[in-house]
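What you are looking at is a predicted structure, and each value in this text was computed from that prediction instead of being measured. In the text below, chain A, chain B and the rest are named by the order of the sequence lines, each starting its count at 1.
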Amino acid sequence: MAFVAPKETYPGKVFQVGIGTDKQAVFGGENVLTFHSFEGNVPNRALVAYEIQDIPPDDWSETVRKVYEGVSGDPVTWAKYCQDTLKARAIALRLLGTHPDRENRSAEDAIKTVKDVLSAIQVPLIVLGSNHVEKDSSVLVAVSEAAKDKNCIIGKAQEANYKTIAAAAMANNHKLIAMSELDINLSKQLNILVTQMGFDKERLITDPMCSALGYGLEYTYSVMERIRLAALTQNDTTMQPPMLGDVGMYVWKVKETQASEADLPHWGTLEERGIAWETVTAGALIMAGAELLIMRHPKAVEAVEKFVDELM
Amino acid sequence: MLIIGEKLSIIAKRVREAMMKKDKGPIQEIAVRQWKEGSGMIDANIGPAEDGGEELMQWMVTTIQEVVPLPICLDTTNFKAIEAGLKVHNNEWGRPLINSTSNDPERFPILELGAKYNSQVIGLTVGKGGLPADAEERAGIAAEIMARAMEYGVSLEDLFLDPLVLQIATSQDHARHVIKAISMFQEMNDPPMKTVVGLSNISNGCPKTLRPILNKYYFILLADAGLTAAIADAHEMAEALNDKALVADVLAGKQLSDTNKMSEISKTLDVIMGRTLYAHSYLEM
């Protein structure tokens, strides 16, 4: 008798999310575990967005900084470089300069940056705050209004500031990232709270909080995996939004992507090491179920796209 | 089912202050209330009690037994405080219960006290290296504790196995592992092993309004599994018994006329049994 591969079917399905206006990008929508296209539908591949920021990336690792030398001084040039030269399918603009401990830029500054970037690119834009709870609530509300109807992703809403940010994202027709700190139950709770405000759960993206290989990746992996299983096997609609892996900012600050070859010759080339670290971290999270990734190094993005090509 | 009244714990502010001031009033008031509400034993939790533990435990035991004709569950990690408490315990009201030994070698001497003072002993099924992963690991540790109890001269009929209830808000899977462990423990001896849980830890970390709901339905499921004793709030457990028939109806697939109650029961059972992911607002979904 011929071998018949066992197949699982799942009662649940991940919501499909489309972002942008001119050149839309779509992710999510599968009704099976990652890459299990032999069991059901996997209509979209994971979307990788290139990370840029409103201030020059002076604190980025040399390996990634030199890739953007000459363009990263200005977010518009940087965004266009990612879109036109690197063929980015989406851009993630982090408004790091608004953080009170950085340049403490105002909401008005942020509005200008977002508007300038939006008018220069056709691919979808993800707008991220500086991860300062109070400042983000004013900055993200302002940029949501400034980007009205551009179908961006706004983030990140957290337990302490979700109300204002979710209301602004809702009023201006954006998608929203809801982030909780590596706890599946709190992640579900935040999604419930956001949807109880009237925010459509099909416009949400869950960020269970990222971590880099060697620095707690297994926790993120496990939380993501359990979120996806709850979505598919238990048909838990609060857990059916796509998930985000905000990979770049976690990877490019760890020792393995920073330590010089002179200090640690047995660790191999610094550049290859860093790219490998970002690739492996992102690849692992895709396996765990992430549908949206934010990354920094083009070679890591290229490797991840190839990995997805081979497994799709 | 034996309810061991849980309210006299050093964690509660009012109780802690009374313990520090040696003020009998609040302690006796709480003890009497728990007795009237149906507790068959009173837990005296004095914490680690590193300083003055012996004197404190003796004061607690005599203070409680002055007004309540019940035995005491001596709840501390301080070996000497337990022994001091056992010395003054009035066995006329029943035999005391020591809380607790475990599979950690540091906790073995507790069994000597059990044998020496003819006391019952709780065996918490944890070892030195972290928490048990599931019901099977709990049963494995239980077997070791049982062997050690016999070695120290504590009869298996005097040993209460405690599978360690964890918080559902952070360790949801353990809620059902503990229920399974209660069933498994009973099969490990004939007559069946006695079992006990620290019930309200299930809802620790949950919103205040949710706590009695989780405690109640968890108690009913554990009772169904054959639980012998629970360190719990007797008042809450009396209410739970009123809902027992309703829970049985829901489990049997019947519709209740009270739809709110129906939804409360079925959602809570789904969370306990791991069929839906816990979130603080699970009842509102």
Side-chain angles (χ1 to χ4, degrees), chain A residues 10-15 157-160 162-163 166 178-202 204 206-209 216 218-220 222-241 243 288-289, chain B residues 129-134 137 164-180 200-215 217-218 221 250-251 253 260 263-285:
Chain A
Y10 307 90
K13 175 176 180 284
V14 177
F15 298 130
Q158 307 178 43
E159 194 190 354
Y162 73 91
K163 283 185 182 156
M179 185 187 81
S180 48
E181 298 190 352
L182 273 182
D183 179 311
I184 188 170
N185 306 103
L186 293 182
S187 168
K188 174 166 174 170
Q189 179 66 10
L190 183 58
N191 285 1
I192 293 173
L193 293 174
V194 170
T195 51
Q196 279 177 340
M197 291 177 59
F199 196 94
D200 182 357
K201 59 184 179 297
E202 302 195 25
L204 262 180
T206 303
D207 179 3
M209 186 175 253
E218 55 277 35
Y219 289 94
T220 300
S222 165
V223 172
M224 282 190 169
E225 189 179 39
R226 286 183 291 142
I227 286 177
R228 191 50 72 240
L229 285 168
L232 296 176
T233 64
Q234 300 182 333
N235 198 15
D236 186 336
T237 57
T238 64
M239 299 273 76
Q240 288 173 347
M243 291 186 288
Chain B
L131 297 170
D134 53 23
E137 273 192 37
L164 184 65
V165 170
L166 296 170
Q167 303 177 16
I168 199 162
T170 53
S171 312
Q172 189 181 354
D173 292 346
H174 284 276
R176 64 176 192 281
H177 295 328
V178 161
I179 296 174
K180 189 176 177 194
S200 54
N201 200 35
I202 189 73
S203 63
N204 207 347
C206 298
K208 227 174 166 180
T209 50
L210 208 52
R211 295 204 62 178
I213 295 171
L214 279 162
N215 294 349
Y217 298 125
Y218 197 46
L221 293 180
V250 173
L251 286 170
N260 286 337
S263 142
E264 179 185 290
I265 294 175
S266 54
K267 284 175 181 172
T268 304
L269 297 187
D270 279 348
V271 161
I272 291 171
M273 298 315 293
R275 291 187 291 258
T276 40
L277 203 56
Y278 173 84
H280 292 326
S281 300
Y282 76 86
L283 283 180
E284 295 156 41
M285 288 310 293

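At a 4.5 Å heavy-atom cutoff, A:Ser187 makes no contact with chain B through either its backbone or its side chain. Contacts of A:Leu186 with chain B are made by side-chain atoms alone, with heavy-atom separations under 4.5 Å and no backbone atom involved.
Of all non-hydrogen atoms in B:Leu277 and A:Met239, the two that sit nearest each other are CD2-SD, 3.5 Å. Residues A:Lys188 and B:Thr276 share a closest heavy-atom pair of NZ-CB, 4.4 Å. In terms of heavy-atom proximity, A:Gln234 sits nearest to B:Gly274 at NE2-O, 2.9 Å. For the pair B:Ala279 and A:Asn185, the tightest heavy-atom approach, listed with the atom from each and the gap, is CB-O, 4.0 Å.
Shown here is A:Glu159, whose CD atom has no more than 12 heavy atoms of other residues, nucleotides or ligands within 6.0 Å. More than 12 heavy atoms of other residues, nucleotides or ligands shown are found within 6.0 angstrom of NZ on B:Lys267. For CD of A:Glu181, the number of neighbouring non-hydrogen atoms (other residues, nucleotides, ligands) closer than 6.0 Å is 12 at most.
Rounded to the nearest 0.5 Å, atoms CE (B:Met285) and OG1 (A:Thr237) are 5.0 Å apart. The distance from atom OH of B:Tyr278 to atom CD of A:Gln189, rounded to the nearest 0.5 Å, is 7.0 Å.
Judged purely by atom type and a 3.5 angstrom limit, B:Glu284 has no side-chain atom pairing as donor or acceptor with the backbone of A:Leu193.
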